J.: 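First the structure, which I've put down as C-alpha cells, then a few questions once you've had a look.
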Number of protein chains: 4
Amino acid sequence: MARPKRQDARREALLQAAGVAIQRRGLHATRVRDIADQAGVAAGTVTYYFRDLDELFRLVFAQAVDRFCTQREREAAAHEDPRDQLAAVLRHGLPTGPDDQLCCLLYEFSPHARHRDSDAQLRRELYERQLHLYRDVLTRGHASGRFDLRRPAEEIAANLVALEDAYGYHVIARTFMPRQQAEEHLFGYAALATADPSLAPENHYGPG
Amino acid sequence: MARPKRQDARREALLQAAGVAIQRRGLHATRVRDIADQAGVAAGTVTYYFRDLDELFRLVFAQAVDRFCTQREREAAAHEDPRDQLAAVLRHGLPTGPDDQLCCLLYEFSPHARHRDSDAQLRRELYERQLHLYRDVLTRGHASGRFDLRRPAEEIAANLVALEDAYGYHVIARTFMPRQQAEEHLFGYAALATADPSLAPENHYGPG
Amino acid sequence: MARPKRQDARREALLQAAGVAIQRRGLHATRVRDIADQAGVAAGTVTYYFRDLDELFRLVFAQAVDRFCTQREREAAAHEDPRDQLAAVLRHGLPTGPDDQLCCLLYEFSPHARHRDSDAQLRRELYERQLHLYRDVLTRGHASGRFDLRRPAEEIAANLVALEDAYGYHVIARTFMPRQQAEEHLFGYAALATADPSLAPENHYGPG
Amino acid sequence: MARPKRQDARREALLQAAGVAIQRRGLHATRVRDIADQAGVAAGTVTYYFRDLDELFRLVFAQAVDRFCTQREREAAAHEDPRDQLAAVLRHGLPTGPDDQLCCLLYEFSPHARHRDSDAQLRRELYERQLHLYRDVLTRGHASGRFDLRRPAEEIAANLVALEDAYGYHVIARTFMPRQQAEEHLFGYAALATADPSLAPENHYGPG
DNA sequence: AATGAATGAGATTTCATTCAT
DNA sequence: CATGAATGAAATCTCATTCAT
C-alpha cells in the first residue's frame, strides 16, 4: 500500500466535496476556494492533493460515471423477469429530482466533452454502459418470449438511453418537467417498442 | 428610433462574433478578448457595447433559440402533407454535424439553465416551441387520417423532442454517433408511434 | 512605426525602473511589485507590458551590456594617442563606486549566465566587445611604436579585461577595495605589459 | 559535547546536499524541497535542522570558503621552492572545469555579498586568505632571490587573485574560456611580474 | 529524531472594466 | 464612436513552515 489510508481518505473527501460544490455552483464557476470551504480545509490543501484542478474535475466526473453505471447495473441484476428488469432500469435512470447529486454532476460535464478529450472518453463510457444495459435486457426479454421487439434491439436501447438523457435533464433543470411525467413518457415508449402493454396502458389515441 | 442603425449593426456583429467564439472555445472559456478578436475590434469596444458580459451571453442564447425555432417552423410550413412535414421537421432538428454552429451554441448554454433564471426561461421557450411544432404536425396528421397515433400526441411530441435533444448532443460531441444513425433511430420511433411504416421499414425483429 | 511612441516610452521607463530595483534589492529578490513601485504604476501594468518577467530581465541585461560597451567604445574613440586611449579605457572600465548602477546590474546577472542561455550569450557579448577594445588599442600602440608589448596582445587584452572584471566587483561589493587602489593595480599591470613606464612609476621592488 | 554526534552528521549531510543543489539549480532557485530530495530526507527534516534557511545558506558558503582556502594553503605548503609554490597555487586557484562544485558555489554567492552582511564578511575572508597566500609566496621568493618583483608584492598578489577570480568565472560559465587558456594567461602575468621566464616563455611580441 | 500532511502568507497571473484621447 | 493603455480585483500557485504522530 504505497499511499497511507489517511491520505486516501482525504482525497476521497475532497472529491466528494468537489462534487457538492460543482452541483451547487456549476462546474464552470467552481473555484478551489469553494471546494476547500465545502471540505472544511484550507485552499492550499486542495492544491496540495491535486496540483492540477482539471485533474480533480476529471476524477470527479470519472467517479460519477462509474457510480451511476454501477448503481444501475446492480439494480438490473436484482430482478429475474425481463419486464421487471426493464422497469427497474428505466426508473433508476431518471434523476430523483432537481437535487439528485449524481445526475447533476453528469450533466455539468456534458458540454466539456466537446472540448476536452478525457471528458469525451468518460462521456462515451457512460453512454456505452447504459446502452449495453438496455440492449441486454431487451435481447433477453425477446429471447424468453416476454418482449416482441417492434424495432431492432440496438435502436430501442439507443432510444431509451436518449430519452433518459433528455428527460433527465428536464427533471434536473429548474422550471421543467416533473419526474412523474418523464417516467410516463419513457414507459410509453417502452410499451410501444416491446409490444408489452403491461408497461403502459394501451389505448387508441385521438388528437391532444 | 432611439438608437441609430450603425450602432445596431455593430451590436449584431458582436453577437455574431460571440457566437463563433463560444462555439469554438466553449461558453465557460470565452473571454471578452476572444469576442473582440473574432469581431476584429478592440476589447474595449465589446464592453462599450455590452456593459454587462452576462447580458451579451443571454442575447446570444436568445438569438440562437429564436433562430433555431424560426428555421424549423419555416421548414414545417413549407410542406402540405403531414408526413412530409414530420420528416422535414425531424431532419432539421438534428445538427448537420459537429460543426453546426447554432446547435453547438444551444448545447453550450444547457447547464447554465440550472443556474441562471434567464437561461432557464430561454431553455423552456426553446423546448415549448419545439414541442408545439411536433404536436401540431401529429395532431393534424391524425385528424387527416394520415397518422394513427399509438400514444397520446403530447407524449409522442415530447419523446420526439427528447430524442432529438439527446441525439443532437451525440452528433455534436466528438467521438459519438454519426448523424445518419441518429436520424434512423428518430424515424424508427416516429414510424412506431404514428403507425406509418413509410417513415421506416417495419419488420419483425429478433435479438441484435 | 508599428508601436506608438507613448507605449515605447513606457516600456523604456519600466526597464529603467527594473534596473534600479535590481540594483537595490538584487536580481533574485526583485518582484514585479518592486518594479511597479519604482516606476510608480500598478503591478498589473508591468505584466501588461512584459507578460514574461524573465524576458524583462533579459532586456534589462541586454540594455546594460550595450550601454556599458557603447560608452567605453565612445570613450576610446575620443583620443588619438594610444596611451591616452588605454588610460581612458582603463579608467572607464571600473565602477565609479558602490552605487554605479550600470556596473551593479552587470554583476547581478553574472551567476545567471551559468543557468540561462540567453544570459550566457549576453555575457559573452560583453566579454568580447571589451576584449576587442583592448586588443585594438594595444595593437595600434605597438604598431605606432608607442608600446613594446611584452606578451601577446591577446593575452594582455584578456588579462586587462579580467582584472577589470574582478576589481570592478571589489569596488562594488561593500567592505572591499576602494576604486583608487583598484585603478593603481590595473595601471601597474598595463605599464608592465606595454613597457610604458609613464602608465605607472617603475621601480625596483622589495618585499611588501 | 552539547549536541550528539549523530545529529551533527545529519547536519553535515544536509549542508553537503545543499551545496550540490545550489550548484545545480543556482542559489536563488534552490528550494527546501531540492535540498531534501538531494539528501534523501523529507522536507520537514531540513527545516527541523535549520530553522532558518538563510542560516543554512550562510553555512554552506562559509564551509565552501574555508574548504577552498584550506585546500590551497595545504597545496602551497607542499612545496619548498617558491616558484613551485607559485605554480601550484596558481594551478589550484582555477576551477577544474564547469563542474567544479566548490568554485561554482563560491561564484553563486558573489552577488549576495552586496546585499547581506554575513556574505560580505565571508567574501572578504575568502579574498584576504588568497591575497595572503600569494603575498607570502612572492615575498619569500623575492627574499630568496628567486623572483625579481617588478611591481610591489601587494599589487602582484592582488592582481593574481583578481585574474584568478575572473578567469575562474570564465571557466565555470558555459560558453566561455577553456581552463588551459586561462592558465596560460595567469602564468604569463606571473612571469612578467616576477621576471621569472621559466613560468612562461618570454619573447618579443608584435601585434596579434 | 524524523516525518509529511496541512497550512497560509505572498507572489504571480488573468482579465473585465475604466477612461483619457 | 472607438480605442487600447492602465488598472485592480480575484483567482491560482508556490513553498517555507508548523505540528501531531
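Here the structure is a predicted model, which means the values were calculated and not measured.
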J.: May I ask you to verify if any side-chain N or O of Arg33(C) is less than 4.0 angstrom from the OP1 or OP2 atom of dG10(E)?
T.: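 For dG10(E), OP1/OP2 do not have a side-chain N/O of Arg33(C) under 4.0 Å.
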J.: I need the CZ-P distance between Arg11(C) and dA5(F), as an integer number of Å.
T.: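 It is 11 Å, rounded to the nearest whole Å.
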J.: Mark yes or no for whether Arg124(B), through its side chain, and Asp119(B), through its backbone, hold a donor-acceptor pair below 3.5 Å.
T.: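 No, the answer is negative, given that no donor and acceptor are paired below the 3.5 Å cut-off.
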J.: Using Watson-Crick or G-U wobble geometry with both distances under 3.5 Å, which nucleotide pairs with dC13(F)?
T.: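 For dC13(F), the partner nucleotide comes out as dG10(E), under the 3.5 Å rule.
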J.: So does Asp52(C) pair up with Arg58(C), basic N to acidic O under 4.0 Å?
T.: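 No, Asp52(C) and Arg58(C) are not salt-bridged.
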J.: Mind checking if Val41(D) touches a base, just sugar-phosphate, or nothing, with heavy atoms under 4.0 Å?
T.: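 Sugar-phosphate, no base atom in range.
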J.: Just the rounded figure in Å: distance from C1' of dA5(F) to OH of Tyr48(B).
T.: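 In whole Å, dA5(F) C1' lies 18 Å from Tyr48(B) OH.
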J.: Nearest whole angstrom, please: distance from the C1' of dT18(E) to the CZ of Arg51(B).
T.: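 Spelled out: CZ on Arg51(B) to C1' on dT18(E) is 8 Å.
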J.: Write down the distance between CD1 (Ile35(A)) and C1' (dC13(F)), rounded to a whole number of angstrom.
T.: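 My rounded result for the distance is 14 Å.
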J.: Mind calculating the distance between CZ (Arg25(B)) and P (dT14(E)) to the nearest angstrom?
T.: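 Taking CZ of Arg25(B) and P of dT14(E), I get 13 Å after rounding.
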J.: Could you state the atom-to-atom distance from CG of Asp52(C) to C1' of dT14(E) in whole Å?
T.: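 Rounding to the nearest Å, CG of Asp52(C) and C1' of dT14(E) are 15 Å apart.
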J.: Please report the distance, rounded to the nearest Å, between CG in Asp37(C) and P in dA11(E).
T.: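 Going from CG in Asp37(C) over to P in dA11(E) covers 11 Å.
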J.: If pairing requires Watson-Crick or G-U wobble contacts with both distances under 3.5 Å, which nucleotide is the partner of dC15(E)?
T.: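 Looking at the geometry, dC15(E) pairs with dG8(F).
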J.: With the side chain of Arg31(A) defined as its heavy atoms from C-beta on, choose the nearest nucleotide among dA11(F), dA11(E), dT14(F).
T.: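 Shortest atom-to-atom distance from the side chain points to dA11(F).
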J.: Only pairs with both distances under 3.5 Å count, Watson-Crick or wobble alike; so what is the partner of dA20(F) in this structure?
T.: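 Base-paired to dT3(E).
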J.: If you assign Phe50(A) and Leu53(D) each to the DNA chain F nucleotide with the nearest heavy atom, which residue ends up on the more 5' nucleotide?
T.: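 Its nearest nucleotide lies further toward 5', so the answer is Phe50(A).
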J.: Measure CG/Leu56(D) against P/dT17(F) and give the value in whole Å, please.
T.: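 For the pair Leu56(D) CG and dT17(F) P, the rounded distance is 11 Å.
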J.: Using distance alone, with no hydrogens and no angle criterion, decide if Gln16(B) and Gln101(B) have a side-chain donor and acceptor under 3.5 Å apart.
T.: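 The answer is no; no qualifying pair exists.
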J.: Can you classify the ring geometry of Phe109(A) versus Phe61(A) as parallel (below 30°), tilted (30 to 60°) or perpendicular (above 60°)?
T.: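 Rings of Phe109(A) and Phe61(A): parallel, as their planes differ by under 30°.
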J.: Just by distance, do the side chain of Arg114(C) and the backbone of Gln23(D) share a donor-acceptor pair under 3.5 Å?
T.: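 Yes, Arg114(C) side chain to Gln23(D) backbone: donor-acceptor pair under 3.5 Å.
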J.: Given dT14(E), dT12(F), dT17(F), identify the nucleotide with an atom nearest to the side chain of Val32(A).
T.: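 Per side-chain heavy atoms of Val32(A), the pick is dT12(F).
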J.: Quick one: on DNA chain E, does Gly44(A) or Thr30(B) contact a more 5' nucleotide (nearest heavy atom)?
T.: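 Counting from the 5' end, the first nearest nucleotide belongs to Gly44(A).
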J.: Could you please name the option among dT18(F), dG8(E), dG8(F) that lies closest to any side-chain atom of Ala42(C)?
T.: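 Among dT18(F), dG8(E), dG8(F), the one nearest the side chain of Ala42(C) is dG8(F).
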